[in-house]
Novice: 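This structure is in structure tokens; I'll ask about it shortly.
The model shown is predicted, which means the values in this text are computed figures rather than measured ones.
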Amino acid sequence: MTQALRALLAGRGVGVHAVLAGPIDTGMSRNLDIPKASPESVARAVFDGVEKDEEDIFPDPVSEAIAESWRGGVAKTLERQFRAFVAAA
């Protein structure tokens with residue numbers, strides 16, 4: 001959905017950012033014994049990512065570990081192809 005919206009709205013000057021966060025230290029994850037990022041650090045990273053105009057924002061160490069494979073993966077390749085198709089239409 002994010003990739004499709006990004007392609008469709010680009011021609012209108014609207015940016016769409018995806019935040020792909022790992023575990024965040026909130027009430028929802030309180031019982032999980034795993035590394036978690038603080039809500040404050042995630043919020044800061046999201047704002048930094050928007051300021052840098054990053055399309056896909058990986059705001060914590062767990063999600064950052066998959067960032068490069070995401071950016072070079074099939075989903076991003078299809079997104080770029082779809083964006084080019086929409087721009088040509």
Novice: Could you tabulate the donor-acceptor pairs under 3.5 Å formed by side-chain atoms of residues 40-51, not counting sequence neighbours?
Specialist:
unit_1, atom_1, unit_2, atom_2, d
Ser41, OG, Ser38, N, 3.4
Ser41, OG, Ser38, O, 2.9
Ser41, OG, Ser38, OG, 3.1

Novice: Is a side-chain donor or acceptor of His17 paired with a backbone partner of Glu54 at a separation under 3.5 angstrom?
Specialist: yes
Novice: For Val74, which residues count as a side-chain contact (heavy atoms from CB on, under 4.5 Å) partner, sequence neighbours excluded?
Specialist: Leu78
Novice: Among residues two or more places apart or on two chains, list those pairs meeting side-chain hydrogen bond (donor to acceptor under 3.5 Å, both in side chains) that have a residue in residues 21-36.
Specialist: none
Novice: Which residue pairs satisfy the salt bridge (charged side-chain N to carboxylate O under 4.0 Å, His left out) criterion with at least one member in residues 58-74, sequence neighbours excluded?
Specialist: Glu68-Arg71
Novice: Minimum heavy-atom separation for Ala18 to Thr2, with atom names?
Specialist: CB-CG2, 3.6 Å
Novice: Would you mind listing the cluster partners of Leu20? Hydrophobic ones only (ILVMFWY), side-chain contacts under 4.5 Å, chaining allowed.
Specialist: Phe58, Ile66, Trp70
Novice: Please, which pairs that meet salt bridge (charged side-chain N to carboxylate O under 4.0 Å, His left out) have at least one residue in residues 78-87, sequence neighbours excluded?
Specialist: Arg6-Glu79, Glu55-Arg83, Lys76-Glu79, Glu79-Arg83
Novice: How does the hydrophobic cluster around Leu32 look, that is, which other residues are in it when side-chain heavy atoms under 4.5 Å mark a link?
Specialist: Ile34
Novice: Let me check something: do Val14 and Leu5 share a hydrophobic cluster, defined by ILVMFWY side-chain heavy atoms less than 4.5 Å apart, either directly or through other members?
Specialist: yes
Novice: Would you compute the distance between atom CZ of Phe82 and atom OG1 of Thr77 and round it to the nearest 0.5 angstrom?
Specialist: 15.0 Å
